[in-house]
Amino acid sequence: MIRDIKKGSFLDRSLNGTRTLIFFVLCFFYFLSGLAQSATFTNPLRDGADPWVFEKDGTYYYCAASENGIAVSRSDKLTDQGVMVKVWETPDEGWNQFNVWAPELHYIGGHWYIYYTAGAKKGSPFIYQRSGVLKSTTDHPFGPYEDKGMLYTGDNIKDKNTVKWAIDLTPFEHNGKLYAVWSGWEENRETDKTAKHLYMAEMSDPMTICSNRVRISSPEEAWETGGDLDLIEGPQILKHREKTFIIYSTRESWLKEYRLGQLWLENPSSDPMLPENWIKSGPVFQGSAQVYGVGHCSFAKSPDGTEDWILYHSKKSTKPGWNRDIRLQRFHWNEDGSPDFGTPVDPNEPLIIPSGEALL
């Protein structure tokens, strides 16, 4: 038999309290749901160029050229890189005193490494640029770092003096072997108005290239040529399922026509050092009426691992030059397993933050 609950009784007060608690809990979850759906960001994120992000154990690490050196930051967000801390200063003499470009922070075999480009003489013409590597002396991404020297990027590995002009070097693992891919010149020259190609070599460890280079791609397609200088640069490795892609930048970096191309290693078991094993397509990402000269990207998963995002730079105006900012947007995958980058999102258009990113 159900008895009437007397108004004002202990049981009545308890039920009212429970109803109130449930009401506030529901309101709180409704608030969080609405906040999650409305939390947005806009591009550009910040000034800068050659953005690099590396994710490890749920944390994002960013790396960038700093005045006369290299800086690293740590964040739990893709929309905010956190505070940059300088971890390495260029030496007072040597091959890498000046012109630090496009550093990348990697974690390989239990150690942190930074791959970067630098030169022996300051400013233009940039004819002395070479690629080097730093190794953290601790297990900390903020160093301190030890300079491990210049990487060999030439055609006669027995003669280290035959190293060739090289920028934007990045390492990658394929079928248990380590490789490096970069942008370089066929021969060293006295002018930086020189065509750039993509080269690859084997690595015996993260600090040592152990083979002569192989040219795997040149700017030959109509969408890669047509300007003052034919070039391809900024190669980045992108893997999806069993597929391996090299996403690179092409056309002149100082022009609004700068864009992304793609190489696809169609057979996962094939040798990446054989140029014929790569299939070229493009442009896979290019500017619009509102966004100019998109290029030099890196990639990351959302904090919860459900989404793929591209971090890239673009020009601030259509005028020739290197005044650039950094942007972030989500991308998807085509049915054949290749990336679909879509089109650059217009400036100040609200975008939903990466899934799993902290709201507060």
Side-chain angles (χ1 to χ4, degrees), residues 48-52 64-70 90-91 93-104 115-133 149-155 160-170 180-201 209 213 215-221 223-236 248-261 292-297 313-324:
D50 307 333
W52 175 256
S66 181
E67 185 177 0
N68 299 322
I70 295 171
T90 54
E93 58 183 21
W95 70 271
N96 55 351
Q97 295 179 72
F98 306 107
N99 311 328
V100 176
W101 293 353
E104 296 184 5
Y115 298 86
Y116 68 101
T117 299
K121 293 190 177 181
K122 188 175 183 178
S124 179
F126 298 101
I127 62 176
Y128 301 101
Q129 297 298 88
R130 305 289 188 267
S131 290
V133 60
M150 185 190 302
L151 291 161
Y152 183 77
T153 53
D155 301 311
K160 301 299 183 180
N161 294 319
T162 60
V163 65
K164 297 293 197 302
W165 193 93
I167 64 171
D168 301 340
L169 185 145
T170 190
V181 59
W182 67 90
S183 174
W185 294 351
E186 188 173 6
E187 297 291 344
N188 294 330
R189 298 185 60 190
E190 294 301 315
T191 173
D192 53 14
K193 293 181 174 58
T194 300
K196 300 177 190 175
H197 313 267
L198 290 188
Y199 292 91
M200 187 178 294
I209 286 179
R213 63 179 185 169
R215 186 165 67 185
I216 61 167
S217 187
S218 295
E220 299 170 334
E221 301 296 326
W223 48 271
E224 297 175 307
T225 60
D228 295 334
L229 182 61
D230 296 338
L231 61 85
I232 47 179
E233 60 188 17
Q236 290 298 323
Y248 62 90
S249 304
T250 186
R251 291 295 308 266
E252 298 85 345
S253 61
W254 58 94
L255 299 180
K256 61 183 177 61
E257 287 78 16
Y258 203 49
R259 58 192 62 175
L260 296 182
Y292 325 114
V294 299
H296 206 115
C297 59
H313 73 222
S314 67
K315 286 172 51 59
K316 291 187 177 183
S317 76
T318 58
K319 296 179 180 179
W322 290 277
N323 192 13
R324 296 169 290 192

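All heavy atoms count here, side chains included; hydrogens, waters and symmetry mates do not.
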(request) Using the side chain to side chain contact (heavy atoms under 4.5 Å, CB included) rule, take W254 and L229 through it: C-alpha gap first, then chi angles, then the decisive distance, then the call. (result) CA-CA 11 Å; W254 58 94; L229 182 61; 4.0 Å; yes
(message) Quick check for you: to the nearest 0.5 Å, what is the distance between S124 atom OG and D192 atom CG?
(response) 4.5 Å
(request) Applying side-chain hydrogen bond (donor to acceptor under 3.5 Å, both in side chains) between S218 and each of E186, H197, K196, report the one that passes. (result) H197
(message) I'd like to know if the side chain of S249 reaches the main chain of H296, judged simply by a donor and an acceptor atom lying under 3.5 Å from each other, with no hydrogens or angles considered.
(response) yes
(message) Can you tell me how far apart CH2 (W165) and OG1 (T117) are? Round to the nearest 0.5 Å.
(response) 7.5 Å
(message) If you define the side chain from C-beta out and look only at heavy atoms, does anything of I127 sit under 4.5 Å from E190?
(response) yes
(request) Can you measure from CG (L198) to CZ (R213) and round to the nearest 0.5 angstrom? (result) 11.5 Å
(request) Quick one: sort the H313 and Y258 rings into parallel, tilted or perpendicular, breaks at 30° and 60°. (result) parallel
(message) Using only atom types and a distance under 3.5 Å, with no angle test, would you say the side chain of T250 pairs donor to acceptor with the backbone of L231?
(response) yes
(request) With rounding to the nearest 0.5 Å, note down the distance linking CH2 in W95 to CE in M150. (result) 5.0 Å
(request) Identify the two heavy atoms, one from W52 and one from Q236, that lie closest to each other, and give their separation to 0.1 Å. (result) CZ3-OE1, 3.0 Å
(request) State the CH2-CD1 distance between W185 and I167, to the nearest 0.5 angstrom. (result) 9.0 Å
(request) List the atom of L260, the atom of G295, and the distance in Å for their closest heavy-atom pair. (result) CD2-CA, 3.8 Å
(request) Look up atom CH2 in W322 and atom NZ in K315, then write down how far apart they are to the nearest 0.5 Å. (result) 9.0 Å
(request) Indicate whether any N or O donor in one side chain lies under 3.5 Å from an N or O acceptor in the other, for Y152 and T162. (result) yes
(request) Kindly say whether K164 contributes a backbone atom to a donor-acceptor pair with the side chain of T153 at under 3.5 angstrom? (result) yes
(request) Check A65 against V100 and note the closest heavy-atom contact, atom names and distance. (result) CB-O, 3.5 Å
(message) If I compare all heavy atoms of A166 with all of S131, which pair ends up nearest, and what's the gap?
(response) O-OG, 3.2 Å
(request) Please name the pair of heavy atoms, one in N99 and one in Q129, separated by the smallest distance, quoted to 0.1 Å. (result) O-NE2, 3.0 Å
(message) Which heavy atom of E252 sits nearest to which heavy atom of D228, and what is that distance?
(response) OE2-N, 2.6 Å
(message) Any non-hydrogen side-chain atom of N188 less than 4.5 Å from a side-chain atom of R130?
(response) yes
(request) Could you tell me whether K319 atom NZ has more than 12 heavy atoms of other residues or ligands within 6.0 Å of it? (result) no
(message) Using the ring centroid of each side chain, check whether Y115 and W182 are separated by less than 6.0 Å.
(response) no
(request) Kindly write out the residues that satisfy side chain to side chain contact (heavy atoms under 4.5 Å, CB included) with K121, not counting sequence neighbours, or none if the list is empty. (result) Y128
(message) Checking the side chain of T225 only, and the main-chain atoms of E220 only, is there a donor and an acceptor separated by less than 3.5 Å?
(response) no
